[in-house]
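Whatever order the structure lists them in is the order used to number ligands and atoms, beginning at 1.
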Amino acid sequence: MFARITGVGSYLPGEPVSNNDLFQRGVETNDEWIVSRTGIKARHLAEAGVTSSDLALEASRRALAAAMIDAAELDLIIVATSTPDFIFPSTACLLQAKLANRGAMAFDVQAVCSGFVYALSIADKFIRSGSHKKALVVGAEVFSRILDWDDRATCVLFGDGAGAVVLEASETPGILAAVAHADGSHSGILSVPGSVSGGKVIGDPFLRMDGQAVFKFAVRVLAEVARECCDNAGVSSSEIDWLIPHQANIRILESTAKKLGLGMDKVIVTVDGHGNTSAASIPLALDAAVRDGRIKAGQKILLEGVGGGFTWGAVLLEF
Ligand code: UT7
């Protein structure tokens with residue numbers, strides 16, 4: 001029994017916001033710096049009041065339509081997000097209500113930019129155990145809400161969006177291997193070190209990052225975890241049709257591809273138009289490449305992510 005992706009969808013809020021738009025809005029930056037250091041040209045930012053579950057709903061509707069199933073048929077809903085609508089209920093429960101599904105198991109996964117890979121890995125296990133048959137796995141974020149717009153070293157990097165896949169039990173492959181890891185001793189290099197207590201924000205509610213430490217860590221573990229995942233499936237990296245890394249920075253994508261011996265023509269890149277959308281970035285990139293026809297049935301796709309925690313993981317699948 002395999003868990004197989006039968007539908008993909010995504011959603012980006014509003015119009016693209018260019019690097020120059022950020023400058024016009026008062027961020028002390030310039031297009032040349034952002035493009036040369038990150039490859040980011042634009043991102044989408046949700047309007048006030050638009051939540052992760054709103055973005056997740058649009059992406060999910062598109063994935064369900066592509067899978068040609070009704071939301072009522074889902075028996076598992078997992079949302080990967082670090083920007084949930086509320087402390088509770090989970091964004092997955094709020095999405096479930098918006099989709100008018102009742103009774104499916106629904107919960108959130110908090111693994112920051114690795115969240116979608118973690119969630120896919122969990123859903124794969126539920127389906128392969130035989131306990132669940134039709135899962136919706138979503139990455140949805142409104143990172144713009146946790147950015148310090150006075151910190152130019154971070155606020156230019158992130159964007160909002162959502163991506164979703166429907167996973168169904170199938171006798172044809174499917175997810176071939178899924179691996180995930182964490183090392184909490186690196187929590188300090190990327191975090192939002194605040195909380196809510198007694199009606200007040202305690203600590204710092206904005207994203208803080210040691211960019212260079214994150215860069216070095218990401219490049220190392222992305223290459224390692226890609227190899228581990230391929231080894232587990234008995235697939236060599238030369239057999240991979242498409243690599244879809246978490247879209248954080250074009251230089252991280254290029255370095256990972258090089259370490260794996262893959263040309264950039266095998267890497268799906270959306271960081272230029274989306275920025276870093278954390279848990280949403282991988283399903284957003286997957287959907288873009290499915291809809292424009294690059295990804296075709298039967299191809300081998302390697303998804304991989306790394307993020308705060310630190311967390312990292314990879315999923316190898318046959319589409
Ligand atoms: O999901 C994981 C998320 N995180 C990442 O993927 C981030 C990984 N790290 C990176 O991508 C890079 O470290 C950054 C793009 C964040 C930063 O690039 P860098 O080459 O490490 O730059 P830096 O932080 O060392 O800053 C270099 C200079 C500084 O100026 P001085 O001190 O040399 O005069 C910064 O003040 O660039 C300046 N700077 C900017 N200038 C224009 C920082 N941010 C900006 C900006 N616009 N937005």
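Using a cut-off of 4.0 Å between Lys/Arg side-chain N and Asp/Glu carboxylate O, Glu73 and Lys134 are scored as salt-bridged. Under a 4.0 Å N-O distance rule, the pair Glu254/Lys258 does not qualify as a salt bridge. No salt bridge links Asp231 with Arg227; every basic N to acidic carboxylate O contact stays at or beyond 4.0 Å. Remark: Lys98 engages Asp54 in a salt bridge, criterion side-chain N to carboxylate O under 4.0 Å.
Atom numbering of ligand 1 starts at 1 in the shown order; those under 4.0 Å from a heavy atom of Val156 are 48 (N). Atoms of ligand 1 lying under 4.0 Å from at least one heavy atom of Ala153, given by number and element, are 44 (N). Heavy-atom proximity to His246, at under 4.0 Å, picks out these atoms of ligand 1: 1 (O). Close contacts of ligand 1 with Thr38, meaning ligand atoms under 4.0 Å from a residue heavy atom, involve 15 (C). Distances below 4.0 Å separate heavy atoms of Cys113 from the following atoms of ligand 1: 1 (O).
Looking only at distances, a side-chain donor or acceptor of Gln247 sits under 3.5 Å from a matching main-chain atom of Pro245.
Among protein heavy atoms, atom 6 (O) of ligand 1 sits closest to Ala248 CB, 3.2 Å. Nearest protein heavy-atom contact of atom 4 (N) of ligand 1 is Met209 SD, 3.2 Å. The protein atom (non-hydrogen) at minimum distance from atom 2 (C) of ligand 1 is Asn276 ND2, 3.8 Å. Protein heavy atom in closest approach to atom 25 (O) of ligand 1: Gln212 NE2, 2.8 Å. Nearest protein heavy-atom neighbour of atom 5 (C) of ligand 1: Val214 CG1, 3.8 Å.
By the 4.5 Å heavy-atom criterion applied to side chains, Val137 and Phe116 are counted as neighbours.
The nearest protein heavy atom to atom 34 (O) of ligand 1 is not closer than 4.0 Å. Checking atom 29 (C) of ligand 1 against the protein gives no heavy-atom contact under 4.0 Å. Taking a distance limit of 4.0 Å, we find that atom 46 (C) of ligand 1 is approached by some protein heavy atom.
To the nearest 0.5 Å, atoms CG (Leu99) and CD (Gln96) are separated by 8.5 Å.
At a heavy-atom cutoff of 4.0 Å, ligand 1 is contacted by the side chain of Ile252 but not by its backbone. Looking at Thr29 against ligand 1, both its backbone and its side chain come within 4.0 Å, counting heavy atoms.
A pairwise comparison of heavy atoms in Ile268 and Arg294 identifies CD1-NH1, 3.8 Å as the closest pair.
Note: Trp312 and Phe217 meet the aromatic proximity criterion, with ring centroids under 6.0 Å apart.
In this structure, Phe107 and Phe126 have tilted ring planes: the angle between them lies in the 30° to 60° band.
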Stepwise side-chain contact (heavy atoms from CB on, under 4.5 Å) check, Asp151 with Arg208
CA-CA 9 Å; Asp151 178 9; Arg208 302 297 174 201; 3.8 Å; yes
Show, in sequence, the C-alpha distance, side-chain angles and deciding distance for Lys41 and Ser18, and conclude whether the side chain to side chain donor-acceptor pair (under 3.5 Å) test is met.
CA-CA 6 Å; Lys41 294 178 184 153; Ser18 71; over 6 Å; no
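Distances from atom 16 (C) of ligand 1 to the heavy atoms of Leu157, Val219, Asn249 show the closest one on Leu157. The option with the heavy atom closest to atom 20 (O) of ligand 1, from among Gln247, Arg152, Arg37, is Arg37. Around atom 17 (C) of ligand 1, the closest heavy atom drawn from Phe217, Phe143, Phe215, Trp33 belongs to Trp33.
Of the N or O atoms in Gly211, one or more lie within a sub-3.5 Å distance of an N or O in ligand 1. For ligand 1, the polar-atom distance check finds no N/O of Asn30 at less than 3.5 Å from any of the ligand's N/O atoms.
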